[in-house]
Amino acid sequence: MTNTRITALITALAAGVLSLPNHAQIITHWYFGAGLLNSDHEVPDQNLSGPFSGGGTQTLNTVADTSDNGWKLFGGYQLHKHFAVEAAFIDLGKFNRVGTSNLIDVPIVTAEDQIIIDVESDLDTELNPQGLSLTGIALLPLFKGFSLNARAGLLFTNYQAKTRSVTRIPAFILEGDEFPATTIRDTFTETVNDIEFSAGLGFDYRPLADWSIGFQWERYFDVGSDDINVEEDVDIVGVSVTYHY
C-alpha cells in the first residue's frame, strides 16, 4: 500500500471518529432553560400564649401546609467542561399557614364602667418566597451524554407573607349603651428581602447536541426572617430542560 493510500485511509478514519456523537464532551458555552420544582418548606406550627398589652391574654395557634410546586427560569455560561456559572429567577411556591389568634379577658374601661370581652380572629397567611439566584456549578462528564453536577450559590430572596384576617368582636353593653357584634375583615402584606445560601446535586442527560434534561435536588438555607415568624430551609427536587448554543 502506498504512502498516499495510507494517508488517505488515516484521514478517512479520523474524519469518521470525529463525526461520532459524544454529547458528554460538547461545550457550547451559553445555555438557557426552564424547570418545574416540588418544594418542601419547613414552616413551623405555632402554639403561643402570653399577656396582651391591653390586658388579658393573647393566644396564637396555627398549622402550616409545607409542600407546593414552583418553577424557575435560568441561563448560564459554561466556562470549562468542568465548571459553569448560572443565574436564575426562582419561585419556590406558595405555602399556607392557617389558625386562630384570640384575645381572652380583655378589659374595656371607661370612667364610669368596665367590662371584660373575648375577641376571636381567624388567620390565613400565604407565604411566597422567590428571588434571583447566582450559582457556581461543578460538572463531571460521564458517558453517552450523562453528567453529574454539584452546585453552590446565593439566593437574593423576596419573601412575601400575605395575611387575611377575620376578627369577631361580640356585642356588649358599656355605660348603658348597646354595641352590636362586629366582624372586621382585613388583609396585610409583609415583605422581607434577604440573602440565603444554597447547595445541591444533580445529573443531566444530553440526548442531542443542543438539548439536555436535568434532575436536581437543592437546599436553600434559612429562608425567611424572624419578622414574619419563618426562617427555615427549603428543599426542592426538580426537572429542567436546557437549550445549549
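Everything quoted here is computed from the prediction, not taken from an experiment. What you see below is based on every heavy atom in this structure, not just the backbone, and it leaves out hydrogens, waters and symmetry mates.
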Donor-acceptor contacts under 3.5 Å from residues 52-64 side chains, at least two apart:
residue, atom, partner, partner atom, Å
Thr62, OG1, Gln46, N, 3.3
Thr62, OG1, Gln46, OE1, 2.9

Under 3.5 Å, which donor-acceptor pairs link side chains of residues 173-195 to any protein atom two or more places apart or in another chain?
residue, atom, partner, partner atom, Å
Glu175, OE2, Thr110, OG1, 2.6
Thr182, OG1, Pro180, O, 3.3
Asn193, OD1, Asn158, ND2, 3.0

Quick one: side chains of residues 215-223, donor-acceptor pairs under 3.5 Å with protein atoms, not counting sequence neighbours, listed by atom name and distance.
residue, atom, partner, partner atom, Å
Glu218, OE1, Tyr220, OH, 3.4
Arg219, NE, Asp235, OD1, 2.6
Arg219, NH2, Asp235, OD1, 3.4
Arg219, NH2, Asp235, OD2, 2.9

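Residues forming a salt bridge (Lys or Arg N to Asp or Glu O under 4.0 Å) with Asp122 (at least two apart in sequence, or on another chain): Arg168. The salt bridge (Lys or Arg N to Asp or Glu O under 4.0 Å) check on Glu86 picks up Arg151, with sequence neighbours excluded. Applying the salt bridge (Lys or Arg N to Asp or Glu O under 4.0 Å) rule to Glu42 yields no partners; only residues at least two apart in sequence or on another chain are considered. Not a single side-chain hydrogen bond (donor to acceptor under 3.5 Å, both in side chains) links Asp105 to another residue, sequence neighbours left out. For Tyr243, the side chain to side chain contact (heavy atoms under 4.5 Å, CB included) partners are Phe32, Asp210, Trp211, Tyr245, not counting sequence neighbours. Annotation: side chain to side chain contact (heavy atoms under 4.5 Å, CB included) contacts of Asn38 (sequence neighbours excluded): Ser67, Asn69, Val237. Every residue two or more places apart in sequence or in another chain was checked for a salt bridge (Lys or Arg N to Asp or Glu O under 4.0 Å) with Arg164, and none qualifies.
Between Val85 and Tyr31 the shortest heavy-atom distance is O-OH, 3.7 Å. Across Ile116 and Gln114, no two heavy atoms sit closer than the pair CD1-NE2, 4.4 Å. The two atoms that bring Asp118 and Pro170 nearest to each other are O-CD, 3.1 Å, heavy atoms only. The two residues Ser147 and Pro141 make their nearest non-hydrogen contact at CB-CA, 3.8 Å. For Gly93 against Pro129, the heavy-atom pair with the smallest separation is O-CD, 3.5 Å. Scanning both residues, Val234 and Ser39, for their nearest heavy atoms gives CG1-CB, 4.2 Å.
For the atom pair CZ of Phe156 and CD of Glu196, the computed distance is 10.0 Å after rounding to the nearest 0.5 Å. Rounding to the nearest 0.5 Å places CD1 of Ile108 at 3.5 Å from CD1 of Ile117. Atom NE2 of His82 and atom CG of Asn149 lie 13.5 Å apart (nearest 0.5 Å). In this structure, CD on Glu120 lies 10.0 Å from OG1 on Thr167, to the nearest 0.5 angstrom. A distance of 9.5 Å separates CG of Leu132 from OG1 of Thr157, quoted to the nearest 0.5 Å. Here Asp124 contributes atom CG and Lys162 contributes atom NZ; the two are 10.5 Å apart, rounded to the nearest 0.5 Å.
Other cluster members for Leu201: none, since no ILVMFWY side-chain heavy atom sits under 4.5 Å from it.
Linking Ile, Leu, Val, Met, Phe, Trp and Tyr residues whenever their side-chain heavy atoms come within less than 4.5 Å leaves Leu154 and Leu73 in two separate clusters. The cluster map of Ile, Leu, Val, Met, Phe, Trp and Tyr, joined by side-chain heavy atoms under 4.5 Å apart, puts Ile213 and Leu142 in the same cluster. Ile169 and Val166 are assigned to two separate hydrophobic clusters, defined by single-linkage of ILVMFWY side chains at heavy-atom distances under 4.5 Å. Hydrophobic clustering (ILVMFWY, side-chain heavy atoms < 4.5 Å, transitive): Phe172 and Ile104 are in distinct clusters. Linking Ile, Leu, Val, Met, Phe, Trp and Tyr whenever their side-chain heavy atoms come within less than 4.5 Å puts Phe74 and Leu139 in one cluster.
Between the side chains of Glu126 and Asn128, not a single donor N or O lies within less than 3.5 Å of an accepting N or O.
Here ring-ring contact (aromatic ring centres under 6.0 Å, His included) pairs that include residues 84-127, with residues two or more places apart or in two chains, are His41-Phe95, Trp71-Phe89.
Looking only at side-chain heavy atoms (C-beta outward), Leu155 and Leu92 come within less than 4.5 Å of each other. Looking at Val230 and Arg97, their side chains come closer than 4.5 Å, going by heavy atoms from C-beta outward.
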